[in-house]
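Note that ligands are numbered from 1 as they come in the structure, with each ligand's atoms numbered from 1 the same way. Since the structure is predicted, the reported quantities are computational estimates derived from the model, not experimental observations.
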Amino acid sequence: MAPEPDPFEPAAQAGVHRIAVPTPFAVGRVNVYLIEDDPLTLVDAGPNSGTSFDELQQGVKALGHELEEIEQVILTHQHIDHLGLVGLVAERSGADVAAIDVAVPFIERFSEEAEADDDFARELMLRHGIPADTVSALVSVSSAFRAWGARADVTRVLHDGDTLALHDRSLQVFHRPGHSPTDTVFLDVERRMLIAADHLLPNISSNPLITRPRDGSTGRAKALVTYLESLERTREMDVDLVLPGHGDPITDHRSLIDERFALHRRRAEKLAGLIADRPRSAYDLAQSLWGNIAVTRAFLTLSEVLGHTDILLDEGRVREVEHEGVARFEAVA
Ligand SMILES: [Zn+2]
């Protein structure tokens, strides 16, 4: 029997090599990409742990380079499975660190920003009916996980619409918020190739996590609504190959995006049905959908529910009312 073809081979032919770096998270390994060009470029770096660093270093070596030779690190978004080692790689190699403008404060002030995010998440969970003991358990897990992140200095600030010129290729830079507020994708028009990281993943829908608004406003950022708008723009791109942050490359991004649209539509309709029954908190809705939820998944499932109630709020089909300090969603008659 012929061996399975390597799904990353077409990218490798174009000088973009995947290195799968381990993470302590449920998502499994993270895809880091080494672009053999001038400057020698790394896209993301993996989480901040000794094991991840060793594997990254070996992965770079296996491709015939040394970590110290890396001249530029490009960051796709603020999540710690991608960001954690950026600072260390830059320190060892002297590489430039390139990231989109909106990500800069988060990357440079990682601890303070991550802590503020935890405070925001705590308030949000309490407001939406998650029991206080679950909330404090989850906040401790989250601050423990913070050790896998680390700050870095951004030496090259990118903007939506910029072009990153390497010797043999140009990468167009596009801001695609939703999965996180800082998601950035890199388009190689000539090779019809998109480095998309977690903006579009093959096996799981990219949980748009509710995150703290950066503009000082108190309203909840509508992460899923924003994410679906971002996907709409990516759907229009003419590409043959999408390189994700986890799992294998995507060769038909339009059908995958259409599947995601259908999934979110079905879920919003299911929630509309539950809310039509009686007013419910987001926690109540999450339990109706998934039963008893593991502590570690409480924030993910809350984000998932709020993403969909945001769609219904925007459509004028539900409203959010406060009842004894907890927000409830009720149907608009
Ligand atoms: Zn990720």
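Using a cut-off of 4.0 Å between Lys/Arg side-chain N and Asp/Glu carboxylate O, R169 and E190 are scored as not salt-bridged.
The nearest N, O or S atom of H79 is not closer to the Zn ion (ligand 1) than 2.8 Å.
Checked against a 6.0 Å centroid threshold, the rings of H246 and H82 count as neighbours. Checked against the 6.0 Å centroid criterion, the rings of F186 and F174 do not qualify as a close aromatic pair.
With Y33 as the aromatic partner, R18 does not meet the cation-pi criteria of under 6.0 angstrom to the ring centre and within 45 degrees of the ring axis.
Atom OD2 is the N, O or S atom of D81 at the shortest distance from the Zn ion (ligand 1).
The Zn ion (ligand 1) is the vertex of the angle joining OD2 of D198 and NE2 of H82, which measures 90° to the nearest 10°.
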